[in-house]
Novice: 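Handing you this structure, nothing more for now.
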Amino acid sequence: MMNLSDQIGKAWKLAVVLAALAIMAGAVSAHAAAKELVVYTALENEQIGKYLASFKEENPAVNVKIVRDSTGIITAKLLAEGKNTPADVVWGTAASSLLVLEKRGLIEPYAPKGLSRVEKLLRDKANPPAWVGIDAWECAIVVNTVEAKAQGLPQIKSYKDLLKPEFKGKIVMSNPNSSGTGFLAVSGILQLMGEKRGFEYLDGLHKNIALYTHSGSAPAKKAAAGEFPVGISYGYAGVNQMKKGAPVEIVFPKEGSGWDVEANALIKKAAVKAEAKKFLDWAISDKAIAALKGDYAITAVKTGAGIPEGYAKDPLSQLVKKNDLRWAAQNRDRLLKEWASRYEGKSEPKK
């Protein structure tokens, strides 16, 4: 029979082993937690997996947790969460919104590897930059050609054409309070025409609007499905529906398209994860840019690839020249409040 002294010694050794195992388990757990990367994005669901493939291939140990929503909701979420946000990185979200976050002290400036290759139009001018773009996206009018012909609607070439009485109740557009696409359309019109004339134009357009959606791609999808003959959306959303075989024409208004930059930023944290910086380095790498080149006409880094079908032949010349993203960010709350006071009544219910 084991004496008391031997029993105590054996129990002590077991306790030491268990304690060591607990410490090791804790270390492994902490290491695993450090490898988790929380990414907030407004990219479309069908884009995310395709774009992320090369990052996951190069960084198999990093668990990328994606939180996806429209730009307005992502922005509101980050503002509400403040310094307690679980997000490590913002990826593919409007630069005008990131400027709002920067003003609130929620962005940590960072210069990713390869920054010098990025088009100046598509990156913050500061050094190091608060945000770095991956592509530019622009306002586009998506027309269901079958429905337009069946309903005898006139051809659309410009913003002004949308005011014709034949389009009453036949246009759907995204709400700028929840959609970055909606905001770039409104901001582009106000900067193109001036605020007074711009809101007068939006008053006229509102008479023809059937519904304001909370998603920037929804107007293109609804036009493609024939729910409404015309959707004010953005280039990629229309091109994507066209690729799927929908009978749509993508019209870039002759006055010029409002635009914004889909950009990335590092969230300010007491301890910034190395994986977060690695993600931002990857996001402007050749592999990452090549993955999105088939979807966008204007990318942050030149690839030599041609312009995807459906876009303007000279996409840069199509953009509104007077499009100050910093002005848009500084006046965002005021403009959104004014827009809501005039037009919110036609918005779809929030889910």
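Below, each value reflects all heavy atoms present in this structure, side chains not excepted, and no hydrogens, waters or symmetry copies. As the structure is a computational prediction, the values presented were derived from the model and not from experiment.
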Novice: Report the residues that fulfil side-chain hydrogen bond (donor to acceptor under 3.5 Å, both in side chains) with Lys337, sequence neighbours left out, ordered by chain and then residue number.
Specialist: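 If we apply the side-chain hydrogen bond (donor to acceptor under 3.5 Å, both in side chains) test to Lys337, skipping adjacent residues, there are no hits.
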Novice: With a sphere of 6.0 Å drawn around CZ of Arg197, does it hold more than 12 non-hydrogen atoms of other residues, nucleotides or ligands?
Specialist: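 At most 12 heavy atoms, drawn from other residues, nucleotides or ligands, come within 6.0 Å of this atom.
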Novice: In a table with atom names and distances, give each donor-acceptor pair under 3.5 Å that connects a side chain of residues 100-109 to protein atoms at least two apart or in another chain.
Specialist:
none

Novice: Are any non-hydrogen side-chain atoms of Asn208 and Leu162 less than 4.5 angstrom apart?
Specialist: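 No - every pair of side-chain heavy atoms lies 4.5 Å or more apart.
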Novice: How would you list, by chain and number, every residue that makes a side-chain hydrogen bond (donor to acceptor under 3.5 Å, both in side chains) with Lys321, sequence neighbours excluded?
Specialist: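 Expected list: none.
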Novice: Look only at the side chain of Lys346 and the backbone of Ile209, and say whether a donor-acceptor pair between them is shorter than 3.5 Å.
Specialist: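 Pair found, side chain donor or acceptor close to backbone of Ile209.
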Novice: What do the steps show when you test Lys207 against Lys168 for side chain to side chain contact (heavy atoms under 4.5 Å, CB included), and what is the final call?
Specialist: CA-CA 7 Å; Lys207 294 176 182 178; Lys168 187 172 183 179; 5.7 Å; no
Novice: Within a strict 4.5 Å, meaning less than it, do heavy atoms of the Ile289 and Tyr296 side chains meet?
Specialist: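 Heavy-atom side-chain distance check fails, nothing below 4.5 Å.
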Novice: Sequence neighbours left out, cut at 3.5 Å: what donor-acceptor pairs do the side chains of residues 223-235 make with other protein atoms?
Specialist:
from   : atom 1 : to     : atom 2 : distance (Å)
Glu227 : OE1    : Lys222 : NZ     : 3.3
Ser233 : OG     : Gly216 : O      : 2.7
Tyr234 : OH     : Glu44  : OE2    : 2.9

Novice: Between the side chains of Tyr343 and Asp203, does any donor sit under 3.5 Å from an acceptor?
Specialist: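 Distance-only check passes for Tyr343 and Asp203.
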Novice: Indicate yes or no: at least one non-hydrogen side-chain atom of Val301 is less than 4.5 angstrom from one of Val118.
Specialist: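 Yes, their side chains come closer than 4.5 Å.
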Novice: Check this for me, if you would: do Asp124 and Arg326 make a salt bridge, where the nitrogen-to-carboxylate-oxygen distance has to be below 4.0 angstrom?
Specialist: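 Between Arg326 and Asp124 there is a salt bridge, with a charged N closer than 4.0 Å to a carboxylate O.
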Novice: Is a donor from one side chain sitting under 3.5 angstrom from an acceptor on the other, for Ser96 and Asp260?
Specialist: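 Per modelled atom types, Ser96 and Asp260 side chains form a pair under 3.5 Å.
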Novice: Compare every heavy atom of Ala94 with every heavy atom of Thr71, then report the nearest pair and how far apart it is.
Specialist: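 Minimum heavy-atom contact is CG2-CB, 3.7 Å.
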Novice: Applying side-chain hydrogen bond (donor to acceptor under 3.5 Å, both in side chains), can you list everything that pairs with Thr93, at least two apart in sequence or on another chain?
Specialist: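 Thr93: no side-chain hydrogen bond (donor to acceptor under 3.5 Å, both in side chains) contacts found.
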Novice: Would you mind checking if Glu338 and Arg342 are paired as a salt bridge, meaning a charged N to carboxylate O distance below 4.0 Å?
Specialist: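 Salt bridge between Arg342 and Glu338, a charged N being under 4.0 Å from a carboxylate O: yes.
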Novice: Side-chain atoms of residues 308-318: list all donor-acceptor pairs with protein atoms under 3.5 Å, sequence neighbours left out, distances to 0.1 Å.
Specialist:
from   : atom 1 : to     : atom 2 : distance (Å)
Tyr311 : OH     : Tyr236 : N      : 3.3
Tyr311 : OH     : Asp295 : O      : 2.4
Asp314 : OD2    : Ser317 : OG     : 3.3
Ser317 : OG     : Asp314 : O      : 2.7
Gln318 : NE2    : Pro253 : O      : 2.8
Gln318 : NE2    : Ser257 : OG     : 3.0

Novice: Looking only at the side chains, is there a donor atom on one of Thr213 and Ser215 sitting less than 3.5 Å from an acceptor on the other?
Specialist: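 On atom types as modelled, these side chains do not qualify, holding no pair under 3.5 Å.
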Novice: So, are Glu255 and Lys157 salt-bridged, with charged N and O less than 4.0 Å apart?
Specialist: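 Looking at Glu255 and Lys157, the cut-off is not met.
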Novice: Considering residues at least two apart in sequence or located in another chain, which fulfil the side-chain contact (heavy atoms from CB on, under 4.5 Å) criterion with Lys244?
Specialist: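 Lys244 satisfies side-chain contact (heavy atoms from CB on, under 4.5 Å) with Asn240, Gln241 once adjacent residues are dropped.
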Novice: Are Glu200 and Lys196 within salt-bridge range, i.e. N to O under 4.0 Å?
Specialist: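 A salt bridge is present here (some side-chain N lies under 4.0 Å from a carboxylate O).
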Novice: Anything under 3.5 Å between a donor and an acceptor, one on a side chain of residues 54-65, the other on a protein residue two or more places apart or in another chain? List them.
Specialist:
from  : atom 1 : to     : atom 2 : distance (Å)
Ser54 : OG     : Trp282 : NE1    : 2.8
Asn59 : ND2    : Phe55  : O      : 3.1

Novice: Looking at residues at least two apart in the chain, or sitting in another chain, which of them share a side-chain contact (heavy atoms from CB on, under 4.5 Å) with Asp281?
Specialist: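 For Asp281 the side-chain contact (heavy atoms from CB on, under 4.5 Å) partners, ignoring immediate neighbours, are Tyr110, Pro112, Lys113.
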Novice: Might you work through the salt bridge (Lys or Arg N to Asp or Glu O under 4.0 Å) test for Asp161 and Lys254, ending with a clear yes or no?
Specialist: CA-CA 11 Å; Asp161 290 333; Lys254 67 180 183 181; over 6 Å; no
Novice: Taking ring-ring contact (aromatic ring centres under 6.0 Å, His included) as the definition, give me every residue that meets it alongside Tyr212, ordered by chain and number, with sequence neighbours left out.
Specialist: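 So Tyr212 forms a ring-ring contact (aromatic ring centres under 6.0 Å, His included) with His206, Trp339.
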Novice: Any sub-3.5 Å donor-acceptor pair from Asn323's side-chain atoms to Trp259's backbone N or O?
Specialist: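 Flag set: sc Asn323 to bb Trp259 pair under 3.5 Å.
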Novice: Which residues pass the side-chain contact (heavy atoms from CB on, under 4.5 Å) test with Lys302, not counting sequence neighbours?
Specialist: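 Partners of Lys302 by the side-chain contact (heavy atoms from CB on, under 4.5 Å) criterion, ordered by chain and then number, come out as Glu119.
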Novice: Who passes side-chain hydrogen bond (donor to acceptor under 3.5 Å, both in side chains) against Ser347, sequence neighbours left out?
Specialist: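 Residues passing side-chain hydrogen bond (donor to acceptor under 3.5 Å, both in side chains) with Ser347: Asn175, Glu344.
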